[in-house]
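Worksheet for the structure shown next.
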Amino acid sequence: MRMHHNTSTPAVGLISPRIPKFPKPYAPFLLRFNQSQSLSSRSGRHRIVLRVENHCSAMAQQIGASVDASNEAQGLNRNLYATIEPFSSGYLKVSDLHTLYWEQSGNPSGHPVVFLHGGPGAGTLANNRRFFDPEFYRIILFDQRGAGKSTPHACLEENTTWDLVDDIEKLREHLGISEWQVFGGSWGSTLALAYSQSHPDKVTGIVLRGIFLLRKKELDWFYEGGAAAIFPDAWEPFRDFIPESERGSLIEAYHKRLNSDDMQTKLMAAKIWTTWELMTAHLIPNEANIKKGEDDTFNLAFARIENHYFVNKGFLPADSFLLSNIDKIRHIKTVIVQVIVMYFSI
């Protein structure tokens, strides 16, 4: 699930006047804050206000005018950190069936941070290491069940949100880490919330980007026609692959084909599902990202696992489960980065 849209207009990170700046280790990946100001309290709430510069938006101008310039983010870094290689990697057997690939990079003695990739089913990329300051962070990446280098590939058996939550704990214990910061975007934010609510005593801080709570209204908007208004050209092939008689639930219709006994049907459904995702990942089409949809191996894991989670409503016991349990993590310092795209008819 990709809900983070990039536009040609840069987003500017601003600190709300009453919100103190985050010292390390709570400073997130690209936003570097002045470390001289301490937090007012351990239990206080903190937020980042994102402003999209747009001269057509009076609201954006009002928000910008209301922010005290002395509290703006200092040294905002718009670039990723330099390319780095892992200092260790391996495989962890988490069940009789599943084995996960993991790796560590950055500072072996640094503050641990675990990166939770999206999808589900997308797997990690080398570029994911570059979100974090390698001099400060001990960066842990792993491929979730059935994704990336983890085995068996594209496997749906024993593959639920709660299996992944258990896997994160097993990896933490395997690496000898007492507690760590949790970073997740899109589906990774869903998993970050589920894990943190299950193990709040193991989490030092949370960074969430492009929040996705896996509620019915979110799935319906993205997969049942809402997003078609923004991406009509991408929507048509995604919709038209399914006969009109089955369009009452496209998620269900794709589930049937992604689990077909016919491999060609399965591969075609996976390619079309994945292409819809990749074409809508950025407001301005990103050709390099879309090109990933040419890889049948990637498509199969991504589409099958993602659809498996969505058709099962994320294996959450209630539609607003993550919101209903927010009190379990309210004390944990958290940064949320959410880009709101506004559309105007002129």
Side-chain angles (χ1 to χ4, degrees), residues 1-6 101 117-128 143-157 159 185-188 190 210 212 214 218-314:
M1 185 77 163
R2 305 292 194 278
M3 303 303 292
H4 51 289
H5 297 305
N6 293 339
Y101 168 79
H117 68 69
T124 56
L125 299 170
N127 256 8
N128 298 150
D143 291 329
Q144 296 160 27
R145 294 191 180 202
K149 299 177 184 177
S150 293
T151 59
H153 179 73
C155 179
L156 306 184
E157 296 178 51
N159 198 337
S186 194
W187 156 255
T190 318
F212 171 44
L214 226 160
E218 294 172 90
L219 293 175
D220 286 349
W221 185 84
F222 199 75
Y223 296 101
E224 304 295 346
I230 304 173
F231 303 100
D233 292 344
W235 172 255
E236 288 183 4
F238 178 76
R239 176 200 62 197
D240 293 348
F241 180 67
I242 303 300
E244 286 190 30
S245 60
E246 295 183 59
R247 292 180 190 170
S249 173
L250 292 176
I251 292 177
E252 292 278 0
Y254 270 93
H255 182 72
K256 175 182 175 182
R257 288 156 178 80
L258 289 167
N259 291 278
S260 171
D261 292 333
D262 180 67
M263 182 55 72
Q264 284 306 114
T265 299
K266 189 183 296 185
L267 289 174
M268 182 58 70
K271 180 176 178 60
I272 295 173
W273 176 282
T274 303
T275 300
W276 162 245
E277 283 270 350
L278 297 177
M279 290 184 72
T280 56
H282 301 81
L283 191 60
I284 306 301
N286 183 314
E287 294 303 325
N289 191 54
I290 295 171
K291 196 174 180 63
K292 291 192 295 185
E294 299 175 5
D295 182 348
D296 284 341
T297 300
F298 172 79
N299 293 344
L300 202 59
F302 181 79
R304 274 173 52 82
I305 296 172
E306 186 172 69
N307 177 273
H308 166 68
Y309 273 72
F310 296 167
V311 83
N312 285 289
K313 301 176 178 59

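Bear in mind that the values here come from a model prediction, so they are computed numbers and not experimental data. When reading the values below, keep in mind they use all heavy atoms of this one structure, side chains included, and skip hydrogens, waters and symmetry mates.
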Check for a donor-acceptor pair, side chain of [X] on one end and backbone N or O of [Y] on the other, with a separation under 3.5 Å.
X    : Y    : result
N259 : H255 : yes
T275 : K271 : yes
R247 : I242 : yes
T124 : D143 : no
N299 : A270 : no
R257 : T265 : no
Y254 : F238 : yes
T190 : F212 : yes
E224 : I251 : yes
T280 : E277 : yes

Q.
Is it true that W187 and E306 share a donor-acceptor pair across their side chains at a distance under 3.5 Å?
A. no
**Q.** Validation row: I230, W235 side chains within 4.5 angstrom (heavy atoms)
**A.** no
Q) Is the closest side-chain heavy-atom distance between L214 and F310 below 4.5 Å? A) yes
Q. Between atom OG1 of T274 and atom CG of D296, what is the distance when rounded to the nearest 0.5 Å?
A. 9.5 Å
Q) When rounded to the nearest 0.5 angstrom, what is the spacing between CG in N307 and CG in N312? A) 9.0 Å
Where is the tightest heavy-atom contact between [X] and [Y], given as atom of each residue plus distance?
X    : Y    : result
H308 : L156 : NE2-O, 3.5 Å
K292 : L125 : NZ-CD1, 4.3 Å
A147 : A122 : CB-N, 4.5 Å
H153 : A301 : CE1-CB, 3.4 Å

Q) Using the ring of each side chain (for Trp, its six-membered ring), is W276 parallel, tilted or perpendicular to F231, with breaks at 30° and 60°? A) perpendicular
Q) Is the number of heavy atoms from other residues, nucleotides or ligands within 6.0 Å of CD (E157) greater than 12? A) no
